[in-house]
Novice: 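Quick one: this structure, given as structure tokens, is what I'll be asking you about.
As a basis for the values below, the full set of heavy atoms in this structure was taken, side chains included, without hydrogen atoms, waters or symmetry mates. Chain letters run A, B, ... following the sequence lines, proteins first, then strands; residues in each count from 1. Computed from a prediction, not measured in an experiment: that's the story for all the values here.
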2 protein chains.
Amino acid sequence: MGSVKIQKTPTVRRLPTYLYKLLEMQKEGASIVAAPELARYMNLTEIVVRKDLAVTGVTGQPGVGFKIPELVKAIRTYLQWEIPSPAILVGAGSLGHALLGYEGFEEYGLKIIAAFDADPAKIGSVVYGRPVYDIAEMPEKLRGSGIEIGIICVPAAHAQQVADQMVACGIRGIWNFANVSLRVPDEVIAQREVIAGGLAVLSVKMAQQEKQSCD
Amino acid sequence: MGSVKIQKTPTVRRLPTYLYKLLEMQKEGASIVAAPELARYMNLTEIVVRKDLAVTGVTGQPGVGFKIPELVKAIRTYLQWEIPSPAILVGAGSLGHALLGYEGFEEYGLKIIAAFDADPAKIGSVVYGRPVYDIAEMPEKLRGSGIEIGIICVPAAHAQQVADQMVACGIRGIWNFANVSLRVPDEVIAQREVIAGGLAVLSVKMAQQEKQSCD
DNA sequence: TAGATTGTTAATCGATTAACAATC
DNA sequence: TAGATTGTTAATCGATTAACAATC
């Protein structure tokens, strides 16, 4: 049941943040960056940064730092983000709109090319340049397209059904924003995004902070 | 700089998912749940589930399981979610809309009571029942309100400025959806939500899966 | 050369997993 | 009693942190 285990998950999760920061620095004309600088930005120690960057295989210059373009390329290679993967999104509600409107995904190896919905009021519309099709048309739209990534933004109650349809249409990776755990075949990856997890961490940190300031 | 370290972060991140599932089971009339059942749902081993539930202080009945209402109460207490905290949201763009439209936050201890934006076209509007005020009015609207949580949904370029304003208005916890690392005073918590992290994990898992199926 | 940073090797810390007695 | 599940204690695994020689 999509039980692939990967190594260094914390590092993998941090890589997009490095990538984004490096691209920003590049825009500002920088070409070299040292670990301590990235560490300050990321709120990490410089040792963590060096270990993280090491997974990409890039080596820096002692006393100097790392070449930004080299790092950018290596992170993209490591994450398989060199060529953006085409993806479809199901559920053109408010969250679907937000994801369709986010312009940074191309930097993150993702290119959402179409959306699907079951609501007749939405079908046929265009959201941030992407067409919204009837979900019933998913099989024909995806056939032979080579699209392997599907994003689920439907209410929890419909998510499993949408996932089943996606799998039937050849989707191999599902990015799930619905509040349920999906059942998918072994060869399909389902990655669930639980934003409430971050809220829980915030709550506990605030409680702890409060406790400390009372000491 | 908001450098509170908390214990058992992985467990804390999982608690909202347990909570949501337990509430669902409760709606369906269940009153008892055993660790193996939750484990199957969460794609975890039952030992992890028992360790997770143990932090709440609830004890189960050997051979039977845990009382659902007791677990629900204990998780809420642990996360300080018994009484929803009032919060404000800044940035009524598409992501802001999505968060304002999400109805599950009350279960997660959060009650967004108002939004702020700088865009005259948005100021004065009402989004999912919440008023959108001019961001310039934040100080007066927050004064004496006791609101301690702020949610940032503005573009990265404006996020630091918004964070500074929030801090000046007495906000103690910031849930940051902008693509930047914020600088806040020691006594303020800034929790950044990096959804691209999940996408990175999905990408790496898909690559690994592909590699495996070729063996 | 001096100062800064890298990359490696070892030590610590914490989370997950395993084993098993206790309990309903 | 037999079957199932709990909770505890110990073992393993992996990530973070520390120490330091090597390099520009």
Novice: Just compare C/dC24, C/dT6, D/dT5 and give me whichever is closest to any side-chain atom of B/Pro36.
Specialist: D/dT5
Novice: Does B/Arg14 use its side chain to pair, donor to acceptor, with the backbone of B/Asp52 at less than 3.5 Å?
Specialist: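 It does not hold such a pair.
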Novice: Does a salt bridge link A/Glu107 with A/Arg76, judged by any charged N lying under 4.0 Å from a carboxylate O?
Specialist: yes
Novice: CE of A/Met42 versus C1' of D/dT16: gap in Å, rounded?
Specialist: 15 Å
Novice: Quick check on C/dG7: is either OP1 or OP2 less than 4.0 Å from any side-chain nitrogen or oxygen of A/Arg50?
Specialist: no
Novice: Counting heavy atoms from C-beta on, name the nucleotide in C/dT17, D/dT5, C/dT5 closest to the side chain of B/Pro62.
Specialist: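 Nearest to the side chain of B/Pro62 among the choices is D/dT5.
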Novice: Which nucleotide, if any, forms a Watson-Crick or G-U wobble pair with D/dA11, using both distances under 3.5 Å?
Specialist: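 When the pairing criteria are applied, C/dT16 turns out to be the nucleotide that pairs with D/dA11.
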Novice: Quick one: B/Lys8 NZ to C/dG14 C1', roughly how many Å, whole number?
Specialist: 10 Å
Novice: Rounded to the Å, how far apart are B/Phe66 CZ and C/dC24 C1'?
Specialist: 13 Å
Novice: If each of B/Pro10 and A/Gly65 is mapped to the nucleotide of DNA chain C with the nearest heavy atom, which maps nearer the 5' terminus, i.e. the 5' end?
Specialist: A/Gly65
Novice: Between C/dT8 atom P and A/Leu53 atom CG, what is the distance in whole Å?
Specialist: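 Whole-Å distance recorded here is 13 Å.
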Novice: Write down the distance between CD1 (A/Ile47) and P (D/dA19), rounded to a whole number of angstrom.
Specialist: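 About 9 Å, once rounded to whole Å.
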Novice: Return the nucleotide paired to D/dA21: Watson-Crick means purine N1 to pyrimidine N3 with N6-O4 or O6-N4, wobble means G-U with N1-O2 and O6-N3, both under 3.5 Å.
Specialist: C/dT6
Novice: Taking only N and O in the side chain of B/Lys5, is any of them less than 4.0 Å away from OP1 or OP2 of D/dT17?
Specialist: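 Answer is yes, contact under 4.0 Å.
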Novice: What is the distance, to the nearest angstrom, from the CD atom on A/Gln7 to the P atom on D/dC13?
Specialist: 12 Å
Novice: Judged by atom type as modelled, is there a donor-acceptor pair below 3.5 Å linking the side chain of A/Ser203 to the main-chain atoms of B/Gln80?
Specialist: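 The answer is no, because no donor-acceptor pair under 3.5 Å joins these two groups.
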Novice: Whole Å only: how far is the CD1 atom of B/Ile32 from the C1' atom of D/dA4?
Specialist: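 Rounded to the whole Å, the gap is 14 Å.
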Novice: Should the side chain of B/Lys51 and the base of D/dT9 be counted as holding a donor-acceptor pair, with the cut-off at 3.5 Å?
Specialist: yes
Novice: When you measure from the side-chain N and O atoms of A/Arg14 to the phosphate of D/dT16, is any distance below 4.0 Å, counting only OP1 and OP2?
Specialist: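 It does, given that an N or O in the side chain of A/Arg14 lies less than 4.0 Å from OP1 or OP2 of D/dT16.
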Novice: Rounded to whole angstrom units, what separation is found between the CD atom of A/Glu37 and the P atom of C/dA4?
Specialist: 15 Å
Novice: Mind checking if B/Thr11 touches a base, just sugar-phosphate, or nothing, with heavy atoms under 4.0 Å?
Specialist: nothing
Novice: Do the side chains of A/Leu71 and A/Tyr18 get nearer than 4.5 Å, heavy atoms only?
Specialist: no
Novice: If you assign A/Asp52 and B/Ala35 each to the DNA chain D nucleotide with the nearest heavy atom, which residue ends up on the more 5' nucleotide?
Specialist: B/Ala35
Novice: Could you tell me whether a side-chain N or O of A/Gln160 sits under 3.5 Å from a main-chain N or O of A/Arg183, the two making a donor and an acceptor?
Specialist: yes
Novice: Starting from the 5' end of DNA chain C, give me the residue, A/Ala54 or A/Val64, whose nearest nucleotide shows up first.
Specialist: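 Closest to the 5' end, via its nearest nucleotide, is A/Val64.
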